[in-house]
Amino acid sequence: MPQLNPKTHFMKFFIDTANLDQVREAQDLGVLDGVTTNPSLMAKEGITGRENILKHYVTICNLVNGDVSAEVIATDFDGMIEEGEELANLHEQIVVKLPMIKDGVKAAKYFNDKGVKINLTLVFSVGQALLAAKVGATYVSPFIGRLDDVSTDGLGLIAEIRLIYDTYGFETQILAASIRHTMHIIDCAKLGADVMTGPLSSIEGLFKHPLTDIGLANFLADYKKGN
Ligand code: E4P
């Protein structure tokens with residue numbers, strides 16, 4: 001069981017979408033700490049063309065208070081630096097999201113030295129998470145749902161990264177990504193993930209309990225009997 005200081009450590013909730021209505025809805029709930037996006041999520045919303053994509057990031061930043069991860073498309077070091085700088089200059093809430101490949105790690109080190117927040121994404125192993133911490137990434141994103149999809153224990157990866165980061169005092173935040181459902185959120189919280197990012201439905205699932213609905217219906221029925 002991780003020993004986290006409850007006064008300084010709480011689990012952040014990010015929403016994993018580029019859909020503005022869902023971002024607004026999550027923000028209105030009062031539990032949202034940030035947003036993650038990726039090129040597939042942008043495409044799903046029909047946001048295409050560099051200019052529109054950049055504008056969309058700014059719109060998202062203006063809707064929420066926390067960090068907004070914006071992913072580079074380039075896969076070479078120079079391209080990632082150019083694109084990452086453009087993204088970082090868009091808004092102070094932007095976190096530059098880089099793929100966990102050799103040039104992505106180098107670019108993460110470059111940006112960390114410059115004080116730009118980084119999210120290293122597409123992480124599927126403990127070794128990759130170790131590299132992310134070594135270069136001082138702000139966030140590391142292990143994709144637990146996609147690991148589960150290929151019969152590999154996604155939550156187990158979160159536990160292993162937590163153990164290693166705590167052993168050495170790495171400050172990189174574990175951002176449990178590719179969350180598919182509400183139980184993933186609860187299990188990640190038990191394991192001490194610093195952040196989770198998931199669809200709105202996974203967050204809304206936290207509200208639901210049949211006994212709450214039945215209890216409320218009974219309270220209202222009893223009230224009506226006497227009024
Ligand atoms: C993380 O930042 C990614 O956007 C995301 O969580 C991927 O999730 P998926 O496996 O549901 O596409």
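Everything numeric in this text was worked out from a predicted model, so none of it was measured. When a ligand or atom number is given, it counts from 1 through the structure's own listing order.
The closest side-chain donor-acceptor pair between K134 and Y168, if any, does not fall under 3.5 angstrom. Looking at S141 and T121, their side chains never bring a donor and an acceptor atom within 3.5 Å of each other.
Here's the thing with R146: one of its N/O atoms is less than 3.5 angstrom from an N/O atom of ligand 1. At least one N or O atom of S178 sits closer than 3.5 Å to an N or O atom of ligand 1. At least one N/O-N/O distance between N38 and ligand 1 falls below 3.5 Å.
At least one heavy atom of R180 sits under 4.0 Å from some atom of ligand 1.
For T36 (side chain) and T197 (main-chain N/O), no donor-acceptor pair under 3.5 Å exists by modelled atom type.
Ranking the protein heavy atoms by distance from atom 2 (O) of ligand 1 puts K97 NZ, 2.7 Å first. Of the protein's heavy atoms, D16 OD2, 2.8 Å lies nearest to atom 5 (C) of ligand 1.
Contact check for Y139 versus D194: no side-chain heavy atoms found under the 4.5 Å cut-off.
Below 4.0 Å from some heavy atom of A177 lie the following atoms of ligand 1, by number and element: 1 (C), 6 (O).
With respect to the salt-bridge test (charged N to carboxylate O, under 4.0 angstrom), the residues R146 and D149 do not qualify.
Between T37 and K97, the shortest heavy-atom distance links the atoms O-NZ, 2.7 Å.
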